Protein chains: 2
Amino acid sequence: MGGTLRRRGYKLTPQRRAVLRTVALSQDHLTPAAIYDRVRQQHPGIGLLTVYRTLQILTELGFICEVHAGGSCGSYIVGSPEHHHHLICSNCGKVINFTGCNLSELEQRLSQQTGFEIESHLLEFLGCCRSCQKIA
Amino acid sequence: MGGTLRRRGYKLTPQRRAVLRTVALSQDHLTPAAIYDRVRQQHPGIGLLTVYRTLQILTELGFICEVHAGGSCGSYIVGSPEHHHHLICSNCGKVINFTGCNLSELEQRLSQQTGFEIESHLLEFLGCCRSCQKIA
DNA sequence: TTGTAAGTGAAAATAACTTTCATATAGATA
DNA sequence: TATCTATATGAAAGTTATTTTCACTTACAA
Ligand SMILES: [Mn+2]
Ligand SMILES: [Mn+2]
Ligand SMILES: [Zn+2]
Ligand SMILES: [Zn+2]
């Protein structure tokens with residue numbers, strides 16, 4: 001983490017460490033406010049503003065990802081450097097990262113049909129995780 | 001439109017007509033505030049609040065869709081009843097609807113590997129449309 | 001060490017959205 | 001067509017989410 005930050009001119013502060021740690025320790029996606037609440041337990045005195053700023057930087061660097069499906073826009077989950085996507089439990093918010101989206105064929109078809117030069121894609125699945133199935 | 005609304009206990013008001021018309025006439029996705037500005041030209045006196053309420057209902061009924069990719073969370077584009085997805089120009093916001101996402105194989109693999117019961121998916125492509133390519 | 005560019009947090013400002021409530025109207029019914 | 005009522009509207013206020021500003025602090029390169 002430190003290296004990646006420094007390479008981009010950012011500093012590694014205790015606050016940034018704490019925010020990343022909090023997101024990484026959670027199984028489910030968290031809003032900035034929820035992250036703030038958790039971080040404060042280990043790091044009182046941190047400001048919500050710093051949480052916002054940190055989330056932005058960590059997203060830019062790929063340490064964390066924003067999720068969208070199921071009304072979760074603007075909440076975050078730990079990331080990984082490789083290209084991947086998210087499978088989200090609509091009940092408890094648990095997120096599983098997966099790879100192998102295999103969309104290049106579709107991408108090519110769209111590019112041909114529309115003339116768009118395709119840059120990226122957003123793919124998320126929404127479902128019910130095993131533990132939530134038992135409860136329901 | 002009128003029939004679908006009435007079937008669900010909603011009324012067809014001039015305001016709702018105007019909001020849908022505005023979204024449908026736009027090639028690109030619009031925020032509630034942008035929709036408000038446009039609707040007001042034909043329908044002064046409408047409140048932003050009514051725009052919010054209408055967008056919610058029209059989304060629920062499938063007349064319009066919310067888009068997410070490229071920081072467009074919370075903006076809307078005209079919809080269609082069949083299952084489809086969006087290809088969005090990251091420069092001008094133009095949206096093209098497409099069908100044939102063909103994700104059932106991937107869906108099945110994920111279901112087996114994770115135990116999730118998969119309910120739905122969110123798929124959007126981001127790219128540069130033909131006219132924006134010429135300009136750039 | 002020291003210097004400095006980058007980061008922090010308090011406060012205020014702005015933007016985004018929702019709740020409340022009195023009034024108005026779509027459209028079903030007689 | 002006139003009446004009735006559930007639904008919709010808009011003004012205002014309230015809440016939540018996010019950003020800007022600025023004086024002070026700190027990471028870390030030299
Ligand atoms: Mn991720
Ligand atoms: Mn659509
Ligand atoms: Zn779950
Ligand atoms: Zn374009």
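Note that these values count all heavy atoms, side chains included, but never hydrogens, waters or copies made by symmetry. Chain letters run A, B, ... following the sequence lines, proteins first, then strands; residues in each count from 1. Nothing here was measured: the structure is a model prediction, and the numbers come from that model.
Nearest to the side chain of A:P32, among D:dT9, D:dT18, C:dA6, sits D:dT18. The nucleotide whose nearest atom lies closest to any side-chain atom of B:Y52 is, among D:dT26, C:dG9, C:dA16, C:dA16. Distance from the side chain of B:Q15 is smallest to D:dG10 among C:dG7, D:dG10, D:dA6. Comparing D:dC28, C:dG9, C:dT8 by their closest approach to the side chain of A:L12 singles out D:dC28.
Taking atom CG of B:L30 as the reference point, atom C1' of C:dA16 lies 17 Å away to the nearest angstrom. Atom pair A:E60:CD and C:dG7:P shows a separation of 11 Å (rounding to whole Å applied). As a whole-Å value, the separation of B:Q56 CD from D:dT7 P is 16 Å. Atom OH in B:Y36 sits roughly 15 Å away from atom P in C:dA15 (whole-Å rounding). Nucleotide C:dA26 holds its C1' atom 19 Å from the CZ atom of B:R8, rounded to whole Å. Atom CZ in B:R7 sits roughly 16 Å away from atom C1' in C:dA28 (whole-Å rounding). Distance OH (A:Y10) to C1' (C:dT4): 18 Å, rounded to an integer number of Å. Remark: P of D:dT15 and CG of B:L48 are 19 Å apart, rounded to the nearest angstrom.
Both A:A33 and B:R16 lie close to DNA chain D; mapped to their nearest nucleotides by heavy-atom distance, the more 5′-ward contact belongs to B:R16. For B:G2 and B:G74, each mapped to the nucleotide of DNA chain C holding its nearest heavy atom, the one lying further toward the 5' end belongs to B:G74. Remark on DNA chain D: of its neighbouring residues B:V51 and B:G9, the 5'-side contact belongs to B:G9, judged by nearest-heavy-atom nucleotide.
Residue B:T50 has no polar side-chain atom (N or O) positioned under 4.0 Å from OP1 or OP2 of D:dA8. Listed pair B:R6 / C:dA26 fails the phosphate criterion, with no side-chain N or O lying under 4.0 Å from OP1 or OP2. For B:T13 and D:dT9, the shortest distance from a side-chain N or O to OP1 or OP2 is below 4.0 Å.
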Worked check of side-chain hydrogen bond (donor to acceptor under 3.5 Å, both in side chains) between B:S90 and A:E119: CA-CA 9 Å; B:S90 55; A:E119 294 156 356; 2.9 Å; yes
Evaluate side-chain contact (heavy atoms from CB on, under 4.5 Å) for B:L123 paired with A:L103, printing each intermediate quantity in order. CA-CA 10 Å; B:L123 173 64; A:L103 291 171; 3.9 Å; yes
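A:E66 places no side-chain N or O within 3.5 Å of a backbone atom of A:Y76 that could act as its donor or acceptor partner. When atom types are taken as modelled, the side chain of A:T54 and the backbone of A:T50 share a donor-acceptor pair closer than 3.5 angstrom.
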Distances for protein N or O near nucleotides 21-25 of chain D N or O, under 3.5 Å:
none

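Enclosure of atom CD in B:Q108 is not indicated, since only 12 or fewer non-hydrogen atoms of other residues, nucleotides or ligands lie within 6.0 angstrom.
Seen from the ring of A:Y36, A:R40 counts as a face-on cation partner, given the 6.0 Å and 45° thresholds.
Within the 6.0 Å centre-distance limit, the rings of A:H85 and A:H121 are counted as a close aromatic pair.
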Name every donor-acceptor pair, under 3.5 Å, that has one atom in a side chain of residues 124-136 of chain A and the other anywhere in the protein, sequence neighbours excluded.
residue : atom : partner : partner atom : Å
A:E124  : OE1  : A:H68   : N            : 3.1
A:E124  : OE1  : A:A69   : N            : 2.7
A:E124  : OE2  : A:H68   : N            : 3.1
A:Q133  : NE2  : A:C128  : O            : 2.8
A:Q133  : NE2  : B:G115  : O            : 2.8

